[in-house]
2 protein chains.
Amino acid sequence: MSVRYAILGLLHYRNMHGYEIKRHIENHFGSMWTINYGQIYPNLKSMEEEGCITLDNVTPSERGGPHKKLYAITPMGQEKFKTWLESEENTRISLRDPFLMRFIFFGFGNQEQALANIDNQLKIQEKQLESRRQHLKRWQARGKYVRLVAELGEEFNSGYIKWLKRARQEIMDIQDD
Amino acid sequence: MSVRYAILGLLHYRNMHGYEIKRHIENHFGSMWTINYGQIYPNLKSMEEEGCITLDNVTPSERGGPHKKLYAITPMGQEKFKTWLESEENTRISLRDPFLMRFIFFGFGNQEQALANIDNQLKIQEKQLESRRQHLKRWQARGKYVRLVAELGEEFNSGYIKWLKRARQEIMDIQDD
DNA sequence: TCTACCATGTAATCTGTTACATGATTGC
DNA sequence: GCAATCATGTAACAGATTACATGGTAGA
C-alpha cells in the first residue's frame, strides 16, 4: 500500500489536505502515477484512526459542514515511514500499457491499422513529453531526488517515442516477417 | 480487462491450456507483465461460458479428475479480438515501482541508506537485463511485433540502469541540494 | 526418494477506478 | 452570471495478488 507511504512522505514537507496530496502525487512524482479521491480520502481517514496522521486544522466554511482539513504527520507516522524508507522491497518494472498489449498482436490485423495506431500513440507520447519537459523546467529546484525521478520519466518517454518511430519504420520496410 | 484479450490473442497462435498461457504472458510479452492463476483460470471459465473460447481437448489423468484442458478460440472470440485490436484505447505509461516511490523520499533518510538501496536495485536490474538479453536471443525469430516489444523492454531496462548509475553519482557528488 | 516443474482451481483480500453527490471560491 | 477550479466524500465495481488445496510427471 504505497499510497499511504506517499502521503506520509508528502506530509514531511508540510501539512496538506487531501486535494493537495492528489495534485502533488500526480504532478510531482515524475507524472508517472495517477491517483483518485477514492484512494486518498478513505486512506486519510483510516490513517488518522491508526494514529499515523492527525488533523492539524479544520477551516470551516461559513454556513455548513467542515471544509479543508489539514493533516499533519505524527511521530508514529514518522516511525512507520522511516521503516518503509529503509526497506528493500523491490519489484520488476511493470509496464501495463494497453497500447503495447495490442501492439504485440498487430500481426493478426492489417498493416494500415497498425500504422494508424502507432501514429496515434506517437501523438499522445509526444504531447506527454512536451508537458513533462515544461514540468521539469518548473520543478528543477525541488531537490535532487524529485528532479531525478522527473528526468527518468522524461527518458522513458523519449525512449518510447524513439522506439515507436523505429517500430513504424520496420513495419513499413519489411512487408513479411 | 486486457487479460482476456491477451488470452484471445495467444490462442491465435495455437490452442493452449492455462498454465501455458501464464508462461507465455510472463516470458513472451517482453517480460513486462506478471500474471497469476487467480486471473487466468476464472477468466478462462467465464470466457468459455460466454462462448469466446471453447474446450478443444481434455486429457484426463489415469485415475482422478480431468487434467490439462486445451482451449481454442471460437469465431465469436475472433470477432471480439478484432474489434479490440482496432480500437485506439490508450493510456499514459504508468510506472508503479516501489523503489522509485521510496527514491523520491531518500532526502528524508540518510545517504548511506540511499546508496545501499540504489546498489541493491542496480543488482536486480542488471540481473533482469541479462535474462532479457538471453530471452531476446531465443525469441528473435518469433515475429517482428513480439521482437520489437522485447527490444523495448531491453531499452527501458538498460535506460533504467544508466539512470540508476547517474543518480548514484549525483548523490555522492553533491552532499547538499 | 526427493526436487523441480507441470497442471488446475478457489477464497480472501487488497488495490484501483468510475461515477456520483455536494458545495465553496475565484476570475472573467 | 458562468465556468473553472477548489474541496470532501461514498458506493459500486473492476482488477490483481496471495495463500491455499490438490495432484501428476520427469529426472537426478
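Small disclaimer: the values here were computed from a predicted structure and weren't measured. Order of the sequence lines fixes the chain letters, A, B, ..., with proteins taken first and strands second; residue numbering starts at 1 for each chain.
In this structure, of dA7(D), dA7(C), dT17(D), it is dT17(D) that holds the atom nearest to the side chain of Gln39(B). Side-chain proximity of Tyr41(B) to the nucleotides dT10(C), dG24(D), dC6(D) is greatest for dT10(C). The side chain of Tyr37(A) has dT8(D) as its nearest neighbour among dT17(D), dT10(C), dT8(D). Looking at the side chain of Tyr19(A), the nearest of the listed nucleotides dA7(D), dA7(C), dG16(C) is dA7(D). The listed nucleotides are dA16(D), dA7(C), dC6(D); the one nearest the side chain of Arg96(A) is dA16(D). Of the listed nucleotides (dG9(D), dG9(C), dG16(C)), dG9(D) has the atom at the smallest distance from the side chain of Tyr71(A). With dG9(D), dT10(D), dA7(D) as the candidates, the nucleotide lying closest to the side chain of His17(A) is dA7(D).
Using modelled atom types, one side-chain atom of Arg102(B) and one backbone atom of Ser87(A) make a donor-acceptor pair closer than 3.5 Å. Checked by atom type and distance alone, the side chain of Thr74(A) never pairs as donor or acceptor with a backbone atom of Thr54(A) at under 3.5 Å. The backbone N or O of Ile171(A) lies less than 3.5 Å from a partner atom in the side chain of Gln111(A), making a donor-acceptor pair. A distance-only check finds no donor-acceptor pair linking the side chain of Asn36(B) to the backbone of Gly38(B) [under 3.5 Å]. For the pair Asn120(B) (side chain) and Ala116(B) (backbone), a donor-acceptor distance under 3.5 Å is absent.
Between the CD atom of Glu26(B) and the P atom of dC6(C) there is a distance of 12 Å, rounded to whole Å. Rounded to whole Å, the distance from CG on Leu55(A) to C1' on dA7(D) is 14 Å. Distance CZ (Arg23(A)) to C1' (dT5(D)): 10 Å, rounded to an integer number of Å. dC6(D) atom P lies 10 Å from atom NZ of Lys68(A), rounded to whole Å. Summarising the geometry, the separation between CG on Asn43(B) and P on dG9(C) is reported as 13 Å, rounded to the nearest angstrom. A straight line from CE of Met16(B) to P of dA7(C) spans 12 Å, rounded to a whole angstrom. Rounded to an integer number of Å, the gap from CG of Asn36(B) to C1' of dA12(C) is 14 Å. Between Glu48(A) atom CD and dG9(D) atom C1' there is a gap of 14 Å when expressed in whole angstrom units.
Projected onto DNA chain C by closest heavy-atom contact, Glu20(B) and Lys45(B) fall at different nucleotides, the more 5' of which corresponds to Glu20(B).
Residue contacts for Arg4(A): at a heavy-atom cut-off of 4.0 Å it reaches no nucleic acid atom on any strand shown.
An OP1 or OP2 oxygen of dT8(C) is reached within less than 4.0 angstrom by no side-chain nitrogen or oxygen of Lys22(B).
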